[in-house]
Amino acid sequence: MPELPDVEGFRRTLVGCARGRVIRRIEVYDEGVLHGVSPQRLRGELEGRRFTEPERHGKWLLAHTGGPTLMLHFGMTGRLVCSSPDEPVHPHDRVVFTLGRERQLRYRDQRKLQGLWLLDPAGTERILSRQGPDAGTVGRADFRAALAGRRGSLKAVLMDQSVLAGLGNLLVDEILWRTGFPPGRPAGDLSADDCDRLHAEMRRTLRAAVRAGCVPPRDTWLTGRRDDPGPACPRCGTPLRRARVAGRTTVWCPRCQP
DNA sequence: GCATATGTTATGAA
DNA sequence: TTTCATAACATATG
């Protein structure tokens, strides 16, 4: 599930559920999601501290605490859930933060492809330095600069988190469809004007998706059709094409994206 | 058993 | 140096 809009939703969950509250207790149900930190050290460093204002960059969520920062990545199936301590522990609840008598913040993830890191400022910097500008806030000029000189396909380049942080497989397909560019087109050959159009559609798409808290499976969106049997373009009705581009299943309209 | 899945990273080849 | 495909990670579903 998680691309930029989903992670932005998790940031809001963290704000609503945990910001300003003391971490009373941390339970680790599956150590497999902890990276470079033991359950003992996680508890030792964070129990008694408060969650402060969190940040998001691309698909990374930074939960600041006044001490070390908890960095979260959700892989393909992770999410953040705010619940009451009375809720039974879900089989995929990997780490549970209890914030008082009435609230728990739960890192829930089926596949455990990513997880949680506990980092000092140098550690967070090490991760963020490998990320391109955030796709939701990048300006036109920086967007052009990020794409300039790239020889890969638009699909590959836009999904590369070190070029631009936050877009995933579905969003890239959606944005390319709206802009009318085929996924295999080389990113480096876009004119300044083409770049600006792509940038505008990206920002528009992200705004709508962030408002919805996810990439909406609406049938006016390409994303809403990709899993249909015999999928057709929501705009022109042409049968959609499906192929592997840059290693991921890619869907596009051959008529709208020539 | 097989293929698929919204993510990232290491590896080897071109 | 850049780019690409591939496998790996762990788990579920059709």
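Below, chain A is the first sequence line, B the second, and so on; all start at residue 1. Heavy atoms only: backbone and side chains are in, while hydrogens, waters and symmetry mates are out.
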note: A/Arg108, atom CZ; C/dT11, atom P; distance rounded to Å ~ 16 Å

Regarding A/Ser153, tell me which of base, sugar-phosphate or nothing describes its non-hydrogen contacts under 4.0 Å with the strands shown. sugar-phosphate

For B/dA5, take OP1 and OP2 only and decide whether either is under 4.0 Å from a side-chain N or O of A/Arg244. yes

Give the rounded distance in Å between these two atoms: CZ of A/Arg79 and P of B/dA5. 22 Å

How about A/Glu55 and A/His64: does a side-chain donor come under 3.5 Å of a side-chain acceptor? yes

Between A/Glu8 and A/Arg12 (salt bridge meaning N to carboxylate O under 4.0 Å), is one present in this structure? yes

With respect to the side chain of A/Leu170, which nucleotide from C/dA10, C/dT3, B/dT6 is positioned closest? B/dT6

Quick one: A/Gln110 CD to B/dT4 P, roughly how many Å, whole number? 18 Å

Distance check: side-chain N/O of A/His73 vs OP1/OP2 of B/dG7, anything under 4.0 Å? no

5'-most contact on DNA chain B (nearest-nucleotide basis), A/Asn169 vs A/Trp60, goes to A/Asn169

Measure from the side chain of A/Arg151, starting at C-beta and using heavy atoms only, and say which of B/dT8, C/dT11, C/dT2 lies closest. C/dT2

Heavy-atom donor-acceptor pair, A/Arg111 side-chain to C/dA12 base, under 3.5 Å: no

Strand partner of C/dA8, provided both Watson-Crick or wobble distances fall under 3.5 Å: B/dT8

B/dG7 phosphate, OP1 or OP2: any side-chain N/O from A/Gln161 under 4.0 angstrom? no

Check this one for me: any side-chain N or O of A/Lys59 less than 4.0 Å away from OP1 or OP2 of B/dT8? yes

Please report, rounded to the nearest Å, how far the P atom of B/dT6 is from the CH2 atom of A/Trp221. 17 Å

Measure from CZ on A/Arg130 to P on B/dA10 and round the result to the nearest Å. 8 Å

Tell me: CZ of A/Arg248 to C1' of B/dA3, nearest whole Å? 15 Å

Specify the separation, in whole Å, of atom CZ of A/Arg225 and atom P of B/dT6. 19 Å

When both distances are under 3.5 Å in a Watson-Crick or G-U wobble arrangement, the nucleotide paired with B/dC2 is C/dG14

Which nucleotide in the set B/dT4, B/dG7, C/dT3 lies at the smallest distance from any side-chain heavy atom of A/Thr249? B/dT4

Whether A/Glu47 and A/Arg25 form a salt bridge (side-chain N of Lys/Arg under 4.0 Å from carboxylate O of Asp/Glu) is what I want to check. no

Output the rounded distance in Å from CG (A/Leu113) to C1' (C/dA7). 13 Å

How far does the C1' atom of B/dT6 sit from the matching atom of C/dT3, given to the nearest Å? 24 Å

Only pairs at least two apart or in different chains count here, so list each ring pair (Phe, Tyr, Trp, His ring centres under 6.0 Å) that has a residue in residues 77-131 of chain A. A/His35-A/Trp117, A/Phe51-A/Phe97, A/Trp60-A/Trp117, A/Phe74-A/Tyr107, A/His90-A/His92

Taking the minimum atom-to-atom distance to the side chain of A/Arg94, which one of C/dT3, C/dT11, B/dG7 wins? C/dT11

With a distance cut-off below 6.0 Å to the six-membered ring centre and an angular limit of 45° from the axis, does A/Arg178 pair with A/Trp221 as a cation-pi contact? yes

Would you call A/Asp93 and A/Arg106 a salt bridge, using N to O less than 4.0 angstrom? yes

Interatomic distance at P, C/dA8 relative to B/dG1, whole Å: 16 Å

Please check the phosphate of C/dA12 (OP1 and OP2 only) for any side-chain N or O of A/His92 closer than 4.0 Å. yes

